[in-house]
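Each chain gets a letter, A, B and so on, in the order its sequence line appears, and its residues count up from 1.
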2 protein chains.
Amino acid sequence: MRLLLIEDEKELAAALSVALKKHGVVTDHTMQLTNAFELTLQNDYDAILLDRRLPDGDGLTFIPKLRRAGVKSAIIILTARNEPLERVEGLNIGADDYLGKPFLVEELIARVRAVLRRPAQLAEPSIAAGHMVIDPLHLNVMLDTAVLDLPRRELLVLVALAKRKGRTVLRSTLEAAVYNYEEEIQSNALDSHISRLRKRLQDASAGVAIHNIRGVGYLLKEE
Amino acid sequence: MRLLLIEDEKELAAALSVALKKHGVVTDHTMQLTNAFELTLQNDYDAILLDRRLPDGDGLTFIPKLRRAGVKSAIIILTARNEPLERVEGLNIGADDYLGKPFLVEELIARVRAVLRRPAQLAEPSIAAGHMVIDPLHLNVMLDTAVLDLPRRELLVLVALAKRKGRTVLRSTLEAAVYNYEEEIQSNALDSHISRLRKRLQDASAGVAIHNIRGVGYLLKEE
DNA sequence: TAATGAAGATTGCCGCAGCATTACGGAAAG
DNA sequence: CTTTCCGTAATGCTGCGGCAATCTTCATTA
């Protein structure tokens, strides 16, 4: 396992490197973001440990830059700021984990391993469908440049269809995407949502159509 | 997004469900591990939120059981114990993340999203047959890049044949694949389906042919 | 090789399951 | 209080699919 440590406190960095080494981890160390950027492009790190407060900028702003450059490595933020709101900010910007100082090296290792267990698939969470761009993570639908505002249930249906656009989605899959097991459905509620969603998509000229596969499910098709 | 919440504090669970709902997350809730196990097998949850201290056991011991059963869902542990060493223990046993109470719902959402940046399905048993790619799980048949729209019963016949392509499939096996116990058959309905399916496959130039083994069954052969 | 019966193939019929749409009203949101 | 959401049910429509009649193919016999 190979890590890049971006940290300006020399003593902490050195101690971490030694500790990580004992766990069989190879660690590269740099103190500047500019230098870090080149290193990430040249090497394929399993994970990047990123201090937030750095001499040449905020570590947070570095994350989008990396992601845009196609860097798939897991990113774990190290910081003294460990307020919940700060952590939310870091995770939402694309970090994989957030670790507040002080921490045990064992915990860092454990978190790195946990992060590495999940295949990095940060590439393209957004789905293009017709004239829409759908962000399934944040449940956001953009139509051209404007936000398409959809009711919650219709939105869930659309996202479920978009995730498998061009392929059939089982009726049961759609139901599971919209309802939990407590909310039993005794009627054609799903059909209602489909119908209303169809109307909305057509009125908005979204460039997609929902087809039915009788007895099987539905299918989102671009037109 | 669909979660399973395993939590014995009713009020917390209810509050979480409501909060998650506002983020477009469908949440199932149970208070017991035994019940939870069945739910995970029946549903394909994106993530499982697991309380550590539960009436019928320690949540931690539940994790290996799930993994052994082939459950791939992300697991996030919720707990009042937030000591570093405890967290290490949880992560090492196979959890994807660890969240100490109290926490902000926004942080939970953010962590779930971070954990979910992984390929949607780890199991992909698609079958190639002729020019088709058949997804037996989603009952989806792609012919080149377009969906091949088949009626339900013909689709079931095709999937059953494709699962054993190149080998003979007993007539009784096909009947079992298309009809359940309640639907008893009093005619040559299966023959009808075979006939119609053959026509559709030929019209679509699917690159396969269904042969009959007299007195035994049928056989899907690529050509 | 021809006769014969059984198994399979094909096709029209049409009942009804499954789907689409919409109005209504309660509930929830703002 | 107003507006939107959404579950329910009523209504109409479409085509799947079970049935049966008819034709075709195959295996077995003399």
Side-chain angles (χ1 to χ4, degrees), chain A residues 139 141 147-158 160-161 168-175 177-204 209-221, chain B residues 14-15 17-24 26 139 141 148-161 168-175 177-203 209-221:
Chain A
L139 292 178
V141 178
V147 176
L148 181 58
D149 199 11
L150 290 175
R152 199 174 70 89
R153 303 234 114 125
E154 294 173 34
L155 182 56
L156 292 174
V157 170
L158 177 61
L161 286 171
T168 48
V169 182
L170 296 183
R171 189 180 187 78
S172 61
T173 304
L174 289 178
E175 286 174 354
V178 178
Y179 299 95
N180 66 24
Y181 74 110
E182 288 169 352
E183 305 169 304
E184 58 181 88
I185 299 182
Q186 334 176 345
S187 75
N188 57 351
L190 180 61
D191 301 60
S192 301
H193 295 309
I194 295 274
S195 177
R196 289 164 184 154
L197 179 56
R198 274 183 174 140
K199 183 161 172 42
R200 278 203 167 85
L201 292 177
Q202 193 166 26
D203 290 353
I210 299 175
H211 295 269
N212 169 258
I213 312 293
R214 181 172 270 248
V216 183
Y218 290 87
L219 161 66
L220 185 72
K221 205 171 171 183
Chain B
S17 292
V18 171
L20 287 167
K21 186 177 175 182
K22 291 179 181 171
H23 288 266
V26 174
L139 292 180
V141 178
L148 182 57
D149 189 0
L150 292 175
R152 203 177 98 84
R153 303 234 114 124
E154 294 173 34
L155 184 54
L156 292 174
V157 170
L158 177 61
V159 168
L161 287 171
T168 341
V169 182
L170 295 181
R171 190 184 184 83
S172 60
T173 305
L174 287 179
E175 287 175 353
V178 178
Y179 298 94
N180 63 26
Y181 315 99
E182 296 162 357
E183 306 167 306
E184 56 183 87
I185 228 177
Q186 328 177 356
S187 74
N188 61 346
L190 180 61
D191 301 61
S192 303
H193 296 311
I194 295 275
S195 173
R196 290 166 183 151
L197 179 57
R198 274 179 173 143
K199 181 160 172 42
R200 279 206 166 85
L201 292 177
Q202 193 167 27
D203 290 354
I210 299 176
H211 296 271
N212 170 259
I213 312 296
R214 182 168 267 252
V216 183
Y218 292 87
L219 163 66
L220 185 71
K221 206 172 172 183

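Each of B:Pro151 and A:Arg153 was matched to the nucleotide of DNA chain D holding its nearest heavy atom; the match closer to the 5' end belongs to A:Arg153.
Atom OG1 of A:Thr168 is separated from atom CG of B:Asp149 by 8.5 Å, given to the nearest 0.5 angstrom. Rounding to the nearest 0.5 angstrom, the gap separating the CD1 atom in A:Ile210 from the CD1 atom in A:Ile194 is 5.0 Å. The CD atom of A:Gln202 sits 11.5 Å away from atom CG of A:Leu197, with the distance rounded to the nearest 0.5 Å. A distance of 13.5 Å separates CZ in B:Arg152 from CD1 in A:Ile213, rounded to the nearest 0.5 Å.
Between the C1' atom of C:dC19 and the CD atom of A:Glu175 lies a distance of 13 Å, rounded to the nearest Å. A straight line from CG of A:Leu170 to P of C:dC19 spans 12 Å, rounded to a whole angstrom. To the nearest angstrom, C1' of C:dG15 lies 15 Å from CD of B:Gln186. Here the C1' atom of nucleotide C:dA9 and the CG atom of B:Leu190 are 12 Å apart, to the nearest Å. Summarising the geometry, the separation between CD on B:Gln202 and P on C:dA9 is reported as 14 Å, rounded to the nearest angstrom. A:Leu197 has its CG atom 16 Å from the C1' atom of C:dC19, to the nearest Å. One atom, CZ of B:Arg200, and another, C1' of C:dT11, lie 14 Å apart when rounded to the nearest Å. Rounded to whole angstrom, the span from the CZ atom of B:Arg152 across to the P atom of C:dG18 amounts to 8 Å.
Residues satisfying the side-chain contact (heavy atoms from CB on, under 4.5 Å) test with B:Asn212, not counting sequence neighbours, are B:Arg198, B:Arg214, B:Tyr218. For the side chain to side chain donor-acceptor pair (under 3.5 Å) test, residues two or more places apart in sequence or in another chain that qualify with B:Asp191 are B:Arg171. B:Ala15 is linked by a side-chain contact (heavy atoms from CB on, under 4.5 Å) to nothing, counting only residues two or more places apart in sequence or in another chain. Remark: B:Glu154 engages B:Arg200 in a side chain to side chain donor-acceptor pair (under 3.5 Å) (not counting sequence neighbours). Take B:Val178 and apply the side-chain contact (heavy atoms from CB on, under 4.5 Å) test, not counting sequence neighbours, and it matches B:Arg153, B:Leu156, B:Val157. Residues satisfying the salt bridge (charged side-chain N to carboxylate O under 4.0 Å, His left out) test with A:Lys199, not counting sequence neighbours, are A:Asp203. Residues passing the side-chain contact (heavy atoms from CB on, under 4.5 Å) test with A:Ala160, sequence neighbours excluded: A:Leu174, A:Ala177. In terms of the side chain to side chain donor-acceptor pair (under 3.5 Å) criterion, B:Arg196 has no residue partners (sequence neighbours excluded).
At a threshold of 4.0 angstrom between heavy atoms, the contacts of A:Ala189 include nucleobase atoms, whether or not backbone atoms are also involved. No engagement by A:Glu154 is indicated, since no non-hydrogen atom pair under 4.0 Å with the nucleic acid exists.
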Practice task
Using the side-chain contact (heavy atoms from CB on, under 4.5 Å) rule, take A:Val147 and A:Val141 through it: C-alpha gap first, then chi angles, then the decisive distance, then the call.
Solution key: CA-CA 6 Å; A:Val147 176; A:Val141 178; over 6 Å; no
Practice task
Would you please test A:Val169 and A:Leu220 for side-chain contact (heavy atoms from CB on, under 4.5 Å) and show each step?
Solution key: CA-CA 9 Å; A:Val169 182; A:Leu220 185 72; over 6 Å; no
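Note that the two end axes of the helix from C:dT1-D:dA30 to C:dG30-D:dC1 enclose an angle of 50°, each drawn from 5 base pairs, rounded to 10 degrees.
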Practice task
Can you check each nucleotide of nucleotides 22-30 of chain C against protein heavy atoms at under 4.0 Å and return B for base, S for sugar-phosphate only, - for none, in 5' to 3' order?
Solution key: BB-------
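Here the range on DNA chain D touched by chain A, meaning any atom under 4.0 Å from one of its heavy atoms, is D:dC5 to D:dC16.
Within residues 209-220 of chain B, the residues that have a heavy atom under 4.0 Å from DNA chain D are, in order of number, B:Arg214.
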